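Accompanying notes for the structure given below.
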Amino acid sequence: MSKSFSFHISANDGRARTGIVSTPKGDIRTPAFMPVGTAATVKAMMPENVRETGADILLGNTYHLMLRPGAERIHNLGGLHKFMNWDRPILTDSGGFQVMSLTDLRKLTEEGVKFRSHIDGSEYNLTPERSMEIQRLLGSDIVMCFDECPALPADRARINESMQLSMRWAQRSRDAFGDRPGYALFGIQQGGLEQDFREESAEALQKIGFDGYAIGGLAVGEGQDAMFGVLDYAPNQLPQDKPRYLMGVGKPDDIVGAVQRGVDMFDCVLPSRSGRTGQALTRFGAVNLRNARHKDDPRPLDENCTCPACSNYSRAYLHHVHKAGEIIGSMLLTWHNLHYYQELMQGLRDAIAAGELDAFVAQFHATRAQGDI
Ligand SMILES: CNc1nc2c(CCc3ccc(C(F)(F)F)cc3)c3[nH]c(N)nc(=O)c3cc2[nH]1
Ligand SMILES: [Zn+2]
């Protein structure tokens, strides 16, 4: 652990990199998958078990936590790390994306976003300055700029307007963040699927100067081909010596393709959300445990997996507890899915370090082509 925030790349393979983001709360091995802990919990998991799956860092959410229990309340209780019993790094999103995706009673202006709480209808005014204050009160180690993520599809004029607003908000976020040694502020590139707007956004962010750079505005319904099309150029528009975080991504094959294109950090609700719906993510692809074909199957989900679900339970059991709506069903599949994601990230890190990423990716796709046996 270090007293300051830094990024060291230990190996490259093509455009992919592997390394360490060092923070005072602990190191983050990259490429990294960051489990989503929206309301101060990774749903259906104890934090010590999230750590056991291999996670170095969790995500928290400004939007959810400002509404309930409130940022000042968490601060008065010792901050988010103590509150949720996670003493390693936490990254928090700035709240704008969640406001735009979770509330329809909202007003977007130059100042910020006025909205009503989806919990009790009370009115809030989220600005770059208030978002920085909330993330400071929570004690977040990596703070995200307050930005606007336009819904796709959108015409070029709308994309440009939105990106320009986000760049003005990035400057205000930087000014409000101030000088906080050991804490990091990440800028967020916008610009939709437009290469020229993304270039302009990257230049604007670098002029302001950030500790890391996120690629925002993707994984909003554009599809994998369009997303990879942007990733064929966007990571290279950002500084090569700083971490690159692709927000909201993604499915295992999204992550593999994005790592090949130079992305270092990922977050996605899929492993936890699908774990609660009975969907297991495995080397062979997705397996729906609610399907009747598992009713009498004594085999483990994946005999090569060392997680508690695969070590101690049959497919028949997982099928039963999901059909019966038993809490252990969510616990076991969330644990397996997060374990699988971390194993995939470890495999990617090892392959890049060995200069064997192409072989790893070929094997990844070949195993999935086999389908679930
Ligand atoms: C799913 N697709 C997607 N997610 C996106 C996100 C949210 C990422 C996030 C962060 C924290 C949490 C928490 F629940 F753990 F807190 C949950 C999700 C974006 N966030 C911002 N700021 N700009 C973007 O342009 C952007 C684009 C995004 N595409
Ligand atoms: Zn497993």
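Note that ligands are numbered from 1 as they come in the structure, with each ligand's atoms numbered from 1 the same way. Quick caveat, the model's predicted, so the values are computed rather than measured.
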Checklist line | His319 and Asn291 side chains, donor-acceptor separation under 3.5 Å | finding: no
Check: With atoms numbered from 1 as shown, which atoms in ligand 1 lie under 4.0 angstrom from a non-hydrogen atom of Ser94?
Finding: 22 (N)
Checklist line | atom 22 (N) of ligand 1 [closest protein heavy-atom partner, distance rounded to 0.1 Å] | finding: Asp93 OD1, 2.8 Å
Notebook entry, point to check: Using heavy atoms and a threshold below 4.0 Å, how should the contact between Cys268 and ligand 1 be classified: side chain, backbone, both, or neither?
Noted result: neither
Next item on the list: With the Zn ion (ligand 2) as the reference point, give the N/O/S atom of His336 that is nearest.
Entry: ND1
Item checked: Glu129: side chain to side chain contact (heavy atoms under 4.5 Å, CB included) partners, not counting sequence neighbours -> Thr127, Arg172, Ala176
Note to self: Tell me whether the rings of Tyr63 and His118 are parallel (<30°), tilted (30 to 60°) or perpendicular (>60°).
What the structure shows: parallel
Notebook entry, point to check: Measuring from the heavy atoms of Gln190, does anything fall under 4.0 Å of ligand 1?
Noted result: yes
Next item on the list: Between Met144 and ligand 1, find which residue part has any heavy-atom pair under 4.0 Å and reply side chain, backbone, both or neither.
Entry: neither
Item checked: Candidate list Arg158, Arg156, Gln164, test side chain to side chain donor-acceptor pair (under 3.5 Å), partner Asn160, passing option -> Gln164
Next item on the list: Could you tell me whether Asp264 and Arg244 have a side-chain N and a carboxylate O separated by less than 4.0 Å?
Entry: no
Check: Are Met144 and Phe266 co-members of a hydrophobic cluster defined by side-chain heavy atoms under 4.5 Å apart?
Finding: no
Notebook entry, point to check: Quick one: which of Asp147, Asn61, Thr62 has a heavy atom closest to atom 12 (C) of ligand 1?
Noted result: Asn61
Notebook entry, point to check: Distance only, no hydrogens: is a donor on one side chain within 3.5 Å (strictly under) of an acceptor on the other, for His336 and Tyr313?
Noted result: no
Next item on the list: Following the transitive rule for hydrophobic clusters with a side-chain heavy-atom cut-off under 4.5 Å over Ile, Leu, Val, Met, Phe, Trp and Tyr, establish whether Val143 and Ile57 coincide in one cluster.
Entry: no
Note to self: Given Phe186, Tyr245, Phe97, Tyr63, identify the one with the heavy atom nearest to atom 27 (C) of ligand 1.
What the structure shows: Phe97
Next item on the list: Answer yes when Lys25 and Asp87 have at least one side-chain N-carboxylate O distance shorter than 4.0 Å, and no when they do not.
Entry: no
Next item on the list: Could you tell me whether Ile188 approaches ligand 1 through its side chain, its backbone, both or neither, with non-hydrogen atoms closer than 4.0 Å?
Entry: side chain
Margin query: One residue to check: Thr92. Relative to ligand 1, which of side chain, backbone, both or neither has a non-hydrogen atom less than 4.0 Å away?
Written below: neither
Check: If we ignore angles and hydrogens, is there a donor and acceptor under 3.5 Å between the side chains of Gln190 and Ser166?
Finding: no
Margin query: My understanding is that only one of Gln237, Glu203, Gln189 makes a side chain to side chain donor-acceptor pair (under 3.5 Å) with Arg198; could you say which?
Written below: Gln189
Next item on the list: Using a 4.0 Å heavy-atom cut-off, say whether Asp267 meets ligand 1 through its side chain, its backbone, both or neither.
Entry: side chain
Note to self: Can you tell me if His64 contacts ligand 1 (heavy atom of the residue under 4.0 Å from the ligand)?
What the structure shows: no
Margin query: I'd like to know if Gly217 contacts ligand 1, where contact means a heavy-atom distance under 4.0 Å to any ligand atom.
Written below: yes
Checklist line | Distance filter under 4.0 Å to Val36 heavy atoms, resulting ligand 1 atoms | finding: 13 (C), 14 (F), 15 (F)
Next item on the list: Would you mind checking which non-hydrogen protein atom is closest to atom 29 (N) of ligand 1, with the distance to 0.1 Å?
Entry: Leu218 O, 2.7 Å
Check: Among all protein non-hydrogen atoms, which one is nearest to atom 17 (C) of ligand 1, and what is the separation to 0.1 Å?
Finding: Gln98 NE2, 4.0 Å
Check: Nearest protein heavy-atom contact for atom 2 (N) of ligand 1: which residue, which atom, what distance?
Finding: Ala219 O, 2.8 Å
Checklist line | Contact atoms of ligand 1, heavy-atom distance to Thr38 under 4.0 Å | finding: 14 (F)
